[in-house]
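Here's the structure, in structure tokens; my notes come after.
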Amino acid sequence: MSVDGEVRRLKTEADEPGWEVDPDDDWGVAVIATVGRQLKLRREAVGMRAAEFGEAVGYGEDLVYKIEGGKRIPRPEYLDMADEVLGAGGLISAMKEDVRKVRYPKKVRDLAEMEAKAVELLSYGNHNLHGLLQTEEHARSLLMTRRPVASEDQLEQAVAARMARKAIYDRAQAPELSFVLEETTLRRPVGGKMVWRRQLEHLLDVAQLRNVEIQVMPMARWDHPGTGGRIQVLKFGDGTAVGRMDDEFNGRPVHDPRQLRILELRYGIIRAEALTARESLAFIEELVGDT
């Protein structure tokens, strides 16, 4: 295609790795199929061929067909351009929110939904900082260590999904959040010195929130049930809860009150062994001063 005398290369599937629909995600498949049908109906309603429409939005004909067929997740900018080209008056652009959710892996969406409903969260971490505490650059640095290496699109998808969960802090009725962090998670310079320093400063900012309590477990304190791995418990307004621990119940989420009692018992002991919230803030401030 030529634009102002210059050849414009249309995007192909190879230009957008990581935007495939997960066939095992029933909700995601249904959403993208519906969006694709709407795009096709509106394109045909204005009398545009797929190739002509593709040129208008900068996409190859084959990729247009795959998006309309529900085989590919359309980018937000694709929906905006389609809305403008097809004169949809914002109706196509309005689909971006549901499409955005489909990009996040189903297990991340499920976790975010549970966190959004929780009235209390208990978290003990002995390896990495909890996702709700991570800065974007810290999260990206951690995700870049995974193997096999993810594509840039997959990496950005994972980072965006993790950052989206932080909407929990903006809720009108914010949940009570309790984090116990092993000292080693604070001393590991993930992403390099400056990324590490900004992460520590972010922890100090988050700790100022009235509904957040951050405690540090010194490395010298080993005689506690946290040596078995991470513990996480989410409690909901109807009195139910869900929790998991790495070395208990095969690491699977549990809902049974008897099993949850075990996790809460262990978490209670861990909190008692850790530094107080005030001592923990002083500890983190000292680390920032040393960086």
Side-chain angles (χ1 to χ4, degrees), residues 9-33 35-36 58-60 62-63 66-67 69-80 95-116 123 125-168 181 184-186 188-200 202-203 229-230 232 244 246 251-253:
R9 190 176 71 85
L10 302 180
K11 288 186 178 180
T12 66
E13 194 167 1
D15 296 315
E16 295 192 345
W19 288 79
E20 300 86 359
V21 182
D22 181 355
D24 296 325
D25 182 359
D26 293 340
W27 179 83
V29 168
V31 168
I32 299 307
V35 171
Y59 278 65
D62 182 61
L63 198 50
K66 287 191 174 182
I67 290 174
K71 304 299 183 184
R72 299 279 298 180
I73 303 173
R75 286 179 176 271
E77 55 267 30
Y78 180 95
L79 295 175
D80 285 336
M95 300 177 183
K96 287 190 294 185
E97 179 59 24
D98 282 340
V99 172
R100 179 185 64 81
K101 293 178 182 177
V102 176
R103 277 225 73 200
Y104 304 153
K106 184 177 185 300
K107 63 179 181 179
V108 176
R109 290 204 313 269
D110 292 343
L111 175 59
E113 289 176 7
M114 287 194 295
E115 289 175 343
S123 173
N126 62 350
H127 186 59
N128 288 318
L129 296 176
H130 192 286
L132 293 177
L133 296 176
Q134 295 175 15
T135 63
E136 182 172 333
E137 55 187 354
H138 180 99
R140 180 174 288 103
S141 297
L142 278 178
L143 292 166
M144 286 176 67
T145 66
R146 291 183 176 179
R147 294 296 183 274
V149 175
S151 68
E152 284 300 313
D153 270 338
Q154 291 169 329
L155 177 62
E156 292 308 311
Q157 175 187 3
V159 172
R162 187 164 297 182
M163 293 300 102
R165 289 168 50 200
K166 298 174 79 169
I168 192 173
L181 317 175
T184 184
T185 65
L186 301 175
R188 184 178 293 119
V190 174
K193 186 173 181 178
M194 294 311 299
V195 172
W196 175 37
R197 180 186 177 89
R198 285 190 288 269
Q199 175 63 68
L200 294 175
H202 178 67
L203 289 177
R230 299 169 298 169
Q232 294 196 51
R244 67 177 298 274
D246 286 344
R252 298 175 181 270

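- Between the CZ atom in R165 and the CE atom in M163 there is a gap of 8.5 Å [rounded to 0.5 Å].
- Inter-residue side-chain proximity for L133 and L203 is flagged as met; some heavy-atom pair is nearer than 4.5 Å.
- Scanning all heavy atoms of the two residues, the minimum distance from N126 to G229 falls at ND2-CA, 3.4 Å.
- Under a 3.5 Å cut-off, the side chain of R147 and the backbone N or O of T145 do form a donor-acceptor pair.
- Nearest heavy-atom pair, Q232 versus S123, reported as atom, atom and distance to 0.1 Å: CG-OG, 4.1 Å.
- Atom CD1 of I32 is separated from atom CZ of R72 by 11.0 Å, given to the nearest 0.5 angstrom.
- Of all heavy-atom pairs between T185 and N128, the closest is CG2-N, 3.8 Å.
- Taking the charged nitrogens against the carboxylate oxygens, R244 and D246 do have a contact shorter than 4.0 Å, which makes a salt bridge.
- Listed by chain and residue number, L111, L234, F236, V242 satisfy the side-chain contact (heavy atoms from CB on, under 4.5 Å) test with M114 (two or more places apart in sequence, or in another chain).
- When all heavy atoms are compared, the tightest approach of R162 to L143 is NH2-CD2, 3.7 Å.
- The side-chain heavy atoms of K96 and V99, taken from C-beta on, include no pair separated by under 4.5 Å.
- The OG1 atom of T135 sits 13.5 Å away from the CH2 atom of W196 when rounded to the nearest 0.5 Å.
- P74 and I67 make their closest contact through CB-CG2, 3.9 Å (heavy atoms, listed as atom of the first residue, atom of the second, distance).
- Listed here is the closest heavy atom pair of S141 and G191: OG-CA, 3.4 Å.
- Screening R140, Q134, H138 against E136 for a side-chain hydrogen bond (donor to acceptor under 3.5 Å, both in side chains) leaves a single residue, R140.
- Every ring pair (Phe, Tyr, Trp, His ring centres under 6.0 Å) that H130 has, sequence neighbours left out, goes to F179.
- For M194, the side-chain contact (heavy atoms from CB on, under 4.5 Å) criterion is met by R197, R198, not counting sequence neighbours.
- V190 has its side chain out of reach of Q199: every pair of non-hydrogen atoms, C-beta onward, lies at least 4.5 Å apart.
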Working note: V35 + L79, criterion side chain to side chain contact (heavy atoms under 4.5 Å, CB included); need CA distance, chi angles, decisive distance, verdict.
CA-CA 10 Å; V35 171; L79 295 175; 4.2 Å; yes

